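Data first, discussion second: the structure below is written as structure tokens.
If you're wondering where the values come from, they're calculated on a predicted model, not measured in any experiment. Heads up: numbering here begins at 1 and tracks the sequence.
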Amino acid sequence: MNKKIFGSSEKLAEAFAEVFEKICDEYILKIGIVNIALSGGTTPKLFFEILSKKYIDKLDWSKINFYWADERCVPPESDESNHGEADRILFSKIHSKKNVYPVNGNNDPVNEAVRYSELLEKNLPFKNNFPRFDIILLGMGEDGHIASIFPDQMNLLTSEKICEVAVHPVSQQKRITLTGIVIKNPDRIFFLVTGRSKAEVVKEILKKKNIFEKYPASHITPTHGKSEWYLDSEAADLL
């Protein structure tokens, strides 16, 4: 696992935005498009803000396909909607949004997991018998969860489905999430992790200390691609 450490979450987001532009340009030049799975959270929000302010005229948005690694089962206008937040910050400023593929949080969760799975099957290339993204962006929770795979639902890491319905262990809110097999399948995986509250989990996972395998994030090692951890100094404080 390659890691890069930055002095603040803002500097991390700015640095990753530069890398993101270069990688997108490389994929577009090579294969004509790039397929990306996004995650919600504080750090991705900073990343979206930087893209909207500095990269609107630098990227060929018509050739970047955006999907979601997970979504809460809420209406898009809700403050809790990953897509809704990204749309307000970034997608609303892009001329064409036909290549943005949100999870519909208004739908019945089971039916929506099936619908989104079928969409990914139709739109993405396959590798290892599963749809393959070029890039996936992941945050990490204080409990080590990624996407909406929580420590009490480790079965979602090995599910043979593309998408599943997950349940938040505290709020019991239902969510749609990519399964672990799909999350590990991309060409490039980027973890964007910030905050001192995650420092202990980051240390255990990256140094393989204690019972690090209890954290879902510790199981996300690429099947064939590469992974990188982007950390701010607080999240990396114990490394």
Taking [X] for its side chain and [Y] for its backbone only, find out whether a donor-acceptor pair lies under 3.5 Å.
X	Y	value
Asn99	Trp61	yes
Ser92	Asp87	yes
Tyr101	Tyr116	no
Ser81	Ser78	no
Glu112	Asn104	yes
Glu71	Gly105	no
Asp232	Gly195	yes
Asp60	Ile28	no
Gln173	Arg72	no
Lys198	Met140	yes

How long is the span from the [atom1] atom in [X] to the [atom2] atom in [Y], to the nearest 0.5 Å?
X	Y	atom1	atom2	answer
Asn82	Ser148	CG	OG	7.5 Å
Lys63	Ile31	NZ	CD1	11.5 Å
Leu206	Leu238	CG	CG	11.0 Å
Lys45	Leu192	NZ	CG	15.5 Å
Leu124	Asn35	CG	CG	5.0 Å
Glu204	Lys209	CD	NZ	10.0 Å

Exercise. What do the steps show when you test Val103 against His83 for side chain to side chain contact (heavy atoms under 4.5 Å, CB included), and what is the final call?
Worked result: CA-CA 8 Å; Val103 175; His83 172 74; over 6 Å; no

Tell me the closest heavy-atom pair linking [X] and [Y], and the distance in Å.
X	Y	result
Pro44	Ser39	CB-O, 3.3 Å
Ala17	Ile50	CB-CG2, 3.7 Å
Ile183	Ile189	O-CD1, 3.4 Å
Ser52	Ile89	CB-O, 3.3 Å
Cys163	Ala113	CB-O, 3.6 Å
Ala166	Thr177	CB-CG2, 4.0 Å

Problem set entry | Any pair counted as ring pair (Phe, Tyr, Trp, His ring centres under 6.0 Å), so long as it reaches residues 133-167, sequence neighbours left out | Tyr67-Phe133, His145-Phe150, Phe150-His168

Is there a side-chain contact between [X] and [Y] (heavy atoms, below 4.5 Å)?
X	Y	answer
His224	Asn128	yes
Lys184	His219	no
Lys3	Leu239	yes
Asp143	Pro216	no
Asp187	Tyr27	yes
Phe190	Ile23	yes
Phe16	Lys4	no
Phe130	Thr223	no

Give a yes or no on whether [X] and [Y] share a hydrophobic cluster (residues Ile, Leu, Val, Met, Phe, Trp, Tyr; joining criterion: side-chain heavy atoms under 4.5 Å apart).
X	Y	answer
Phe212	Val202	no
Ile136	Leu119	yes
Ile162	Val114	no
Leu178	Phe126	no
Leu46	Phe91	no

For this session: Could you walk me through whether Thr179 and Glu164 pass the side chain to side chain donor-acceptor pair (under 3.5 Å) test, one step at a time?
Result: CA-CA 7 Å; Thr179 60; Glu164 287 262 29; over 6 Å; no

Exercise. After noting the C-alpha distance and the side-chain angles of Asn123 and Asn65, does the key distance pass the side chain to side chain contact (heavy atoms under 4.5 Å, CB included) rule?
Worked result: CA-CA 10 Å; Asn123 288 8; Asn65 298 321; over 6 Å; no

For this session: Could you walk me through whether Lys203 and Glu200 pass the salt bridge (Lys or Arg N to Asp or Glu O under 4.0 Å) test, one step at a time?
Result: CA-CA 5 Å; Lys203 181 193 74 172; Glu200 180 63 33; 3.4 Å; yes

Exercise. What do you reckon, is NZ of Lys58 surrounded by more than 12 foreign heavy atoms closer than 6.0 Å?
Worked result: yes

Exercise. Does NZ belonging to Lys214 count more than 12 external heavy atoms closer than 6.0 Å?
Worked result: yes

Problem set entry | Electrostatic pair Glu85-Arg88, nearest N-O below 4.0 angstrom | yes

Problem set entry | Criterion side chain to side chain contact (heavy atoms under 4.5 Å, CB included) on Ser159 and Ile181, from CA distance to verdict | CA-CA 7 Å; Ser159 169; Ile181 290 176; over 6 Å; no

For this session: For side chain to side chain contact (heavy atoms under 4.5 Å, CB included), just list the numbers for Ile146 and Phe191, CA-CA rounded to whole Å, side-chain angles, deciding distance to a tenth of an Å, and then say yes or no.
Result: CA-CA 9 Å; Ile146 44 91; Phe191 289 86; 3.8 Å; yes

Exercise. Angle class for the Phe20/Phe47 ring planes (parallel below 30°, perpendicular above 60°, tilted otherwise)?
Worked result: perpendicular

